[in-house]
Asker: 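Submitted below is the structure of interest, expressed as structure tokens.
Convention: sequence-line order gives letters A, B, ...; per-chain numbering from 1. All values derive from a computational prediction rather than experimental measurement. The basis for the numbers below is simple: all heavy atoms, side chains too, and nothing from hydrogens, waters or symmetry mates.
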There are 2 protein chains.
Amino acid sequence: MARSMHVRRPATLASLAAELGVSRTTVSNAYNRPDQLSPELRRRVLETARRLGYPGPDPVARSLRTRKAGAVGLLLTENLSYAFRDPAALGFLEGLALACEGAGQGLHLVPVNPEREDVAAVHRAGVDGFVVYSVPDDDPHLAAVLSRPVPTVVADQPTVDGVDRVGIDDRGAIMELAQQLITLGHRKVGVICMRLARDRNDGFAPVERQKTAHFHVQRTRLAGLSEAFAKVGVDWSRVPVVERFDHSTASGASAAAQLLDADRDVTALICTSDILALGALTEAKRRGLRVPQDLTVTGFDGIAEGERLGLTTVRQPVLEKGKAAGKLLLASPDPTRPREITLPTELILGTTSAAPRTAEERWFGP
Amino acid sequence: MARSMHVRRPATLASLAAELGVSRTTVSNAYNRPDQLSPELRRRVLETARRLGYPGPDPVARSLRTRKAGAVGLLLTENLSYAFRDPAALGFLEGLALACEGAGQGLHLVPVNPEREDVAAVHRAGVDGFVVYSVPDDDPHLAAVLSRPVPTVVADQPTVDGVDRVGIDDRGAIMELAQQLITLGHRKVGVICMRLARDRNDGFAPVERQKTAHFHVQRTRLAGLSEAFAKVGVDWSRVPVVERFDHSTASGASAAAQLLDADRDVTALICTSDILALGALTEAKRRGLRVPQDLTVTGFDGIAEGERLGLTTVRQPVLEKGKAAGKLLLASPDPTRPREITLPTELILGTTSAAPRTAEERWFGP
DNA sequence: GTGAAAGCGCTAACAG
DNA sequence: CTGTTAGCGCTTTCAC
């Protein structure tokens with residue numbers, strides 16, 4: 001019953017002022033500038049408010065007036081469920097949430113139905129800025145965000161003119177990992193990557209598709225690998241690259257299967273994420289392939305489960321990335337600021353990589 | 001440079017209308033009711049908008065006018081980092097996000113600094129309703145939410161008058177688990193639970209504290225256990241109950257250590273969450289106690305990692321819970337609706353529970 | 001310490 | 001199909 005009086009808005013700041021016989025300014029001050037009133041008057045205002053069931057200034061009206069929504073929008077085009085199950089995305093989200101919390105800002109998850117191309121939600125979001133995380137560069141939602149007159153930060157995304165950016169050196173990091181494999185002696189490698197564009201392509205990705213990939217992170221990592229292996233004479237166009245639309249361990253496993261079925265000479269499986277690598281590991285085990293003796297498997301991200309398994313990978317500071325995005329957005333309103341933050345990564349050698357077996361070993365056993 | 005023109009708001013609906021020599025209604029219709037204009041005029045409006053850099057109707061102004069914010073608020077008092085690392089909370093969050101996405105509603109995470117008791121963020125959130133997840137019943141943020149004139153749904157929370165609720169039968173579920181242990185022969189049990197109130201108490205929780213716990217879920221589970229064991233003559237006041245403020249496996253481990261150190265006769269450790277149980281398992285292993293031969297350990301929630309380890313637990317549908325909360329909030333505006341949704345749970349026997357060893361076995365080996 | 005005036009930018013009847 | 005009229009509820013100079 002106490003609730004029923006809350007259900008509709010019976011009172012406004014104006015009606016409260018009328019009831020009290022004071023001006024609206026005074027009531028407003030009672031809430032926003034306590035020092036501008038006598039304590040006694042303020043007490044009276046607040047008490048009358050309670051009596052009338054006035055819940056305090058309407059947030060939306062206040063936002064309109066002050067031109068501040070007190071929230072930042074987060075655009076995650078990827079199907080929400082994947083985001084919530086990808087430790088890297090989750091780490092980013094946590095870091096961003098922490099930054100927002102620290103600044104007293106809400107975090108508004110923009111609803112994006114991956115099926116419909118409904119950009120309306122972006123226009124409907126009452127936020128002071130946007131963070132865009134890992135969406136394809138031709139995503140209409142991204143365009144919609146950029147059309148909004150609020151500051152924006154993109155993460156794991158190609159540079160957009162004048163938009164702040166946070167990310168890592170994907171190319172350099174994966175080249176370092178590639179170099180490690182090259183040093184170990186791997187020349188026949190296969191790659192498992194996440195989706196490269198908005199259309200579903202569960203299968204091999206020709207070089208052309210790799211180069212025109214719309215996901216910056218994937219494109220850049222593939223380019224880094226290609227460059228590193230080209231340096232030692234590997235013809236990249238003959239390197240099998242298997243793409244998966246869904247980002248899951250199941251995808252990693254099926255991609256590994258597809259790749260190993262097609263090319264039995266491969267000595268190393270390079271995965272562009274730890275989640276995919278976890279799946280590849282499962283498939284290797286299923287086939288009775290010992291890792292790393294028979295097959296080297298590498299990942300990217302540095303998630304906890306991969307660490308437990310000793311996965312060879314590149315660790316990136318996902319939590320920091322989220323925090324950095326939040327700070328970038330919330331800190332400087334507009335001045336000449338560092339337009340770009342590149343976070344450091346670390347190569348984790350792990351125990352899932354080793355020198356490849358020679359051809360004889362492969363055929364005649366260890 | 002294209003960005004610079006977006007940085008401030010150069011045009012408004014009114015200025016656009018003036019420029020075009022039409023009324024504001026017409027411009028508004030161009031965006032909101034395309035069928036109310038000639039296609040030609042609409043095209044002209046939209047094109048002029050682009051030329052002037054008008055980003056479309058301001059979301060906040062629209063919200064004020066339409067009295068719809070297009071977002072639901074989520075109140076998670078718990079330190080954000082814990083929420084993002086607790087699979088049960090994450091499942092709830094995912095379900096809720098899914099429900100919001102389906103309804104085209106944003107999800108606004110209310111920033112709550114656990115340190116400061118700053119309720120302002122709740123008042124500042126421009127949302128059409130709130131979901132409150134597992135906060136203490138005396139939390140000022142909860143009170144603030146209830147004071148807002150918008151519909152609210154609480155999850156894992158005691159009934160608040162007139163507020164919709166979603167949850168499970170915590171008491172019944174844990175009593176079923178207790179009965180299982182009782183049937184196996186356990187009488188000397190110990191309990192590890194999450195925090196019972198807003199103050200930190202890392203240690204034993206006397207019965208009085210258990211009964212007055214401010215976290216409904218914890219209070220109810222403890223009450224269920226107490227009731228089940230009382231029925232077979234166990235004096236609950238002598239049952240050690242260890243509380244931990246932080247919800248982590250580390251907490252579970254240290255609590256198990258504390259409990260086992262104080263009472264070496266305990267044959268079963270009942271944990272009120274899987275996360276805590278995972279920690280207890282670790283500590284048991286560290287001590288060389290075999291589970292379940294030397295010690296029975298049980299959890300609650302049904303998280304994936306627990307399932308992999310064969311943890312005896314109660315599985316609850318966390319994703320469904322989140323979805324249900326969202327639907328409850330978004331579906332019916334107010335009419336006579338089912339005020340409460342109780343989701344089913346399932347007892348998972350697992351492999352971490354067995355009959356206790358007899359006293360002789362305990363002292364003289366198997 | 002308090003009040004009057006002036007919108008913030010938009011949408012929704014209702015008339016034409 | 002288009003325009004006129006009225007606010008939504010609030011904050012904020014700037015006088016008093």
Asker: Could you give the CG-to-P distance, from D128(A) to dC8(C), as a whole number of Å?
Answerer: 19 Å
Asker: Of all the choices, dT2(D), dC10(D), dT11(C), which nucleotide is nearest to the side chain of T66(B) once you look at every atom?
Answerer: dT11(C)
Asker: Rounded to the nearest Å, what distance is computed from the OH atom of residue Y54(B) to the P atom of nucleotide dC10(C)?
Answerer: 4 Å
Asker: Rounded to the nearest 0.5 Å, how far apart are CG of L109(A) and CG of L93(B)?
Answerer: 7.5 Å
Asker: If the threshold is 4.0 Å, N to carboxylate O, is there a salt bridge linking R67(A) and D58(B)?
Answerer: yes
Asker: For the side chain of S23(A), counting heavy atoms from C-beta on, which of dT12(D), dC10(C), dG3(C) is nearest?
Answerer: dG3(C)
Asker: Compare the minimum distances between each of dT12(D), dT2(C), dG7(D) and the side chain of R33(A), then state the nucleotide with the smallest one.
Answerer: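 Out of dT12(D), dT2(C), dG7(D), the nucleotide with an atom closest to R33(A)'s side chain is dT12(D).
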Asker: Within the structure shown, what part of the strands sits under 4.0 Å from N29(A) by heavy-atom distance: base, sugar-phosphate, or nothing?
Answerer: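 No contact.
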Asker: Output the rounded distance in Å from CG (L16(B)) to C1' (dC10(C)).
Answerer: 13 Å
Asker: Is there a side-chain contact between H216(B) and D137(B) in this structure, where contact means two heavy atoms from C-beta onward sitting under 4.5 Å apart?
Answerer: no
Asker: Rounded to the Å, how far apart are R42(B) CZ and dT2(D) P?
Answerer: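 Rounded to whole Å, this separation is 13 Å.
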Asker: Taking NZ, NE, NH1 and NH2 as the nitrogens, is one of them in E47(A) or R50(A) under 4.0 Å from a carboxylate oxygen of the other?
Answerer: no
Asker: For dG9(D), take OP1 and OP2 only and decide whether either is under 4.0 Å from a side-chain N or O of Y31(A).
Answerer: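 Result: no.
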Asker: Check every strand shown and say whether L37(B) touches a base, only sugar-phosphate, or nothing at a heavy-atom separation below 4.0 Å.
Answerer: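 Sugar-phosphate contact only.
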Asker: Considering only heavy atoms from C-beta outward, does the side chain of L80(B) approach that of E94(A) to under 4.5 Å?
Answerer: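 No; the side chains remain at least 4.5 Å from each other.
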Asker: Rounded off to whole Å, could you give me the CZ-to-C1' distance for the R24(B) and dG7(C) pair?
Answerer: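 Nearest whole value for this atom pair: 12 Å.
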Asker: Which residue, V22(B) or L64(B), contacts DNA chain D at a nucleotide closer to its 5' end, judged by nearest heavy atom?
Answerer: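 First, find each residue's nearest nucleotide; the 5'-ward one identifies V22(B).
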Asker: Is there a side-chain contact between T26(A) and the phosphate of dG3(C), meaning an N or O under 4.0 Å from OP1 or OP2?
Answerer: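 Indeed, a polar side-chain atom of T26(A) lies that close.
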Asker: Looking at dG9(D), dC8(C), dG3(D), which one has an atom nearest to any side-chain atom of R67(A)?
Answerer: dC8(C)
Asker: Side chain of L13(A) only, please: which of dG9(C), dT11(D), dT11(C) is the nearest?
Answerer: dT11(D)
Asker: I need the CZ-C1' distance between R65(A) and dT11(D), as an integer number of Å.
Answerer: 5 Å
Asker: Over 60° means perpendicular and under 30° means parallel, so classify the ring planes of Y54(A) and Y31(A), tilted if in between.
Answerer: perpendicular
Asker: Could you state the atom-to-atom distance from CG of N32(B) to P of dT2(D) in whole Å?
Answerer: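 After rounding, the reported distance stands at 15 Å.
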Asker: Which nucleotide wins on minimum distance to the side chain of S28(B), given the candidates dT2(C), dT11(C), dC10(C)?
Answerer: dT11(C)
Asker: Roughly how many Å is it from CZ in R62(B) to C1' in dG9(D), rounded to a whole number?
Answerer: 19 Å
Asker: Hey, does the side-chain of T25(B) have a donor or acceptor N/O within less than 3.5 Å of a partner on the base of dT4(D)?
Answerer: yes
Asker: Contact class for V60(B) (heavy atom, under 4.0 Å): base, sugar-phosphate, or nothing?
Answerer: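 It contacts nothing in the nucleic acid.
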Asker: Between dC8(C), dA5(C), dC1(D), which one does the side chain of S38(B) approach most closely?
Answerer: dC1(D)
